[in-house]
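Taking it in order: structure first as structure tokens, then the write-up.
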Amino acid sequence: MKIDWKSSFKIALIITAIASVGAITIALTNVLTEPIIKQNRAQREQNGLKKVFGDNATFGDKVELKEDKYQYLQAYYPVNIDSSSARVYSTKGTNAYGDVALLVGLNADFTIYNIAVMENTESYAVTLKENYLDYLINPKDKKTHEQAFEDTSVKCGATYGAKLVKDMINQAKEHYKEGK
Amino acid sequence: MNYLAAFLLAIVSYSLVSNVVLSRFYGICSFIGVGNKIKSAASMGIAVSFVIIMAALICYPIYNFILVPAGVPYLDTITFILVIASLVQVVGLFIKKFSPSLYKALGIYLPLITTNCAVLGVVSENTASKLDFGMSMANAIGTSIGFLVVIIIYACIRERLESSNVPKAFKGIPIALITAGIMAIAFLGLSGLIG
Amino acid sequence: MAKGEHKQSFIAGIIAENPLFVSLLGMCPALAVTKSLESAIGMGILFTIVLVCSNVLVSLLRKVIPEEVRTPCFIVIIATFVTLTKMFTEAFLPELYSSLGVFLSLLVVNCIILGRSEAFASKNGVLDSFLDGIGNGIGFLMAICLIALFREVLGTGQLTFGNTFTFIADAHNGEPIKLWILKGEGYDVSFSIFSTPAGGFLVLGITLAIMAAINNMKANKKKVDARIKAQKAKEEAAKKREVAQ
């Protein structure tokens, strides 16, 4: 096979030139946007924490979790509210229909204080939100969050999404009970 | 042993439960365009499967051992697509040299594998979900098996569709899409298979 | 090129040669992001931006790119713009970024963008490529918004604005705007199958069938009109012959 070195060299040069210009543009944009992205993420976490525990709670340092047994748990923050300690877990789970990310706030007696939804990209996102997540966050009939969670008569149209949410909250409770 | 069980379950999950075409929506253009010849469907399925597995195999070390330590994870899209394009070229050259009949049978489909969403989709998923090497390969193998299974079933159904009495407005692509929709509903029933 | 031809390449991309409904390209994002109307609008806008930018750049470089490697060059240019769009979207519209997921990266191998670069931008001037890009982008946006409208209304019974574009929710005291159509106080006649992936296939198939039926009716009408005209012409000719006799 006769290789035409000159034209191959020219071709390789042009592709490399285009690719490097592209790479440099992307690197410059990254320098511009990375701090904004980091700030957005931190802001969203703070907003989520405020939604769970309200304004008069102080949060400790974040503790990252990466254990195989608790695959839904990402991290937790120790919380100090009304002079009692609590924890809020940042959880994220994926099933065949999409992702759900929650912030689960737990009291010192391992009952649910409150929940905030950070991300809900399931196929049945609206059904899951309206029939189950809203019920957990704002239970009707003056139930507490824990009673709403234990209620087995809830009819939700998104079975696998609800199961995922239940598993995530149960895992958070288990981890807190272990006291690590 | 536990990891092997998780690996096999992951393959089943990626191939059937979140099927590449009917649930994740990758590779639809080639899926609909393959028509009703079972042989060409099977050969294209095998070619795409091979490219997916090789691309996942090559892109995992490139991302984790070259791009991330160098601090440039945002260059992943460009790098992956260049790797995939060169891989398809190399595979084409190999097929041309060792089996010219297969090359002629694949025809236009071979360069089209570069623009198949499944290849770039699997590789992007692997980096976005930060899967480890075993799970990335499970994703690739499961996707390939799922793609092959679905494309062969689809070619068989469309062959039957040719000789049936379809209303005029639905002839061609609309009835093919509705068939794919019914297959997707059938695969929806597999969603509780893995935990 | 004359001004009329500029307009021609712009209008053609919207209806006559709509990239999704007529050329049947780019179906992957059309089925995947149309679960809700908002993500479809977002995807359409980002798609248009990438298409226009890559068309213009390819058209500027068309004399420089060698023939043999034009596809890899186009892909690198498109990949650059897609990565830039991803970064800006992650920074300024993070909800849109997380709802589009991996399909924003898959714009690199979108058949429409690559097809327009290869078929049009590499052979025409910058202004025509720009207009062609905008035309095709608007056509794609309208097509996926139509599908998303059907899927969301039939699947969830309501239209929600404000989940993805949070500035709408912020302007509406923090709660997304909901338009209740098939769902309301005490009644719910939505078909949730349309929220699943299967629904995407069904909606697209039925839409294409409706368009084919409309085209068939138009073609039939033309045929019938032509036949009536031919009939009339024959009668006129016969009458003229009678008079002449």
Side-chain angles (χ1 to χ4, degrees), chain B residues 18-19 21-33 74-82 84-86 89 111-125 127-129 166-188 191, chain C residues 21 24-34 69 71-84 86-87 90 101-115 193-194 196-217 220:
Chain B
S18 54
N19 182 281
V21 176
L22 300 175
S23 176
R24 285 186 273 174
F25 287 128
Y26 302 148
I28 294 190
C29 297
S30 52
F31 177 70
I32 304 256
Y74 44 80
L75 286 184
D76 56 353
T77 314
I78 287 193
T79 322
F80 291 159
I81 195 64
L82 280 177
I84 293 174
S86 2
Q89 288 276 58
L112 237 50
I113 297 179
T114 321
T115 63
N116 193 328
C117 301
V119 188
L120 190 59
V122 165
V123 177
S124 295
E125 268 183 13
T127 58
S129 315
V166 179
K168 186 142 180 258
F170 281 87
K171 273 211 169 78
I173 298 292
I175 195 67
L177 282 169
I178 295 190
T179 313
I182 297 182
M183 279 175 80
I185 298 180
F187 271 74
L188 209 56
S191 38
Chain C
F21 286 145
L24 293 172
L25 303 170
M27 281 194 274
C28 295
L31 293 172
V33 309
T34 47
V69 286
T71 310
C73 281
F74 295 159
I75 291 184
V76 168
I77 293 176
I78 298 174
T80 312
F81 282 118
V82 167
T83 315
L84 293 174
K86 262 175 62 177
M87 286 182 167
E90 189 173 11
V102 75
F103 282 94
L104 205 40
S105 304
L106 285 180
L107 282 180
V108 176
V109 290
N110 193 305
C111 306
I112 302 179
I113 304 184
L114 208 55
I193 190 77
F194 286 105
T196 64
F201 284 112
L202 292 174
V203 170
L204 186 58
I206 296 181
T207 314
L208 287 173
I210 294 180
M211 298 186 111
I214 295 180
N215 278 342
N216 284 346
M217 277 201 310
N220 265 349

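Numbers restart at 1 for each chain; the letters A, B, ... are given by sequence-line order, proteins then strands.
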| query | Which residue out of C/Ile206, C/Val102, C/Leu114, C/Thr207 racks up the most heavy-atom pairs below 4.5 Å with chain B? | reply | C/Val102
Atom pair [atom1]/[atom2] of [X] and [Y] - distance to nearest 0.5 Å:
X        : Y        : atom1 : atom2 : answer
C/Thr71  : B/Gln89  : OG1   : CD    : 8.5 Å
B/Leu188 : C/Ile193 : CG    : CD1   : 6.0 Å
B/Ile178 : C/Leu208 : CD1   : CG    : 9.5 Å
B/Leu22  : C/Leu31  : CG    : CG    : 11.0 Å

Residue pair [X] / [Y]: nearest heavy atoms and the distance that separates them:
X        : Y        : result
B/Ser124 : C/Ser105 : OG-CB, 4.2 Å
B/Arg24  : C/Phe103 : O-CZ, 3.4 Å
C/Phe201 : B/Ala184 : CD1-CB, 4.2 Å

Would you mind telling me which of [options] has the largest number of heavy-atom pairs within less than 4.5 Å of chain C?
options                              : result
B/Cys117, B/Ala85, B/Gly27, B/Pro167 : B/Cys117
B/Leu112, B/Ile175, B/Leu177         : B/Leu177
B/Ser86, B/Ala169, B/Cys29, B/Pro111 : B/Ala169

Given heavy-atom pairs under 4.5 angstrom as the criterion, report whether the side chain, backbone, both or neither of [X] touches chain C.
X        : value
B/Ile173 : side chain
B/Thr179 : neither
B/Ala180 : both
B/Ile32  : side chain

Heavy-atom cut-off 4.5 Å, strictly under: side chain, backbone, both or neither for [X] against chain B?
X        : answer
C/Thr83  : side chain
C/Met211 : neither
C/Cys111 : side chain

Using side-chain heavy atoms (C-beta onward) and a distance below 4.5 Å, is [X] in contact with [Y]?
X        : Y        : value
B/Thr114 : C/Ile75  : yes
C/Thr80  : B/Ile78  : yes
B/Thr77  : C/Lys86  : yes
B/Phe25  : C/Leu106 : no

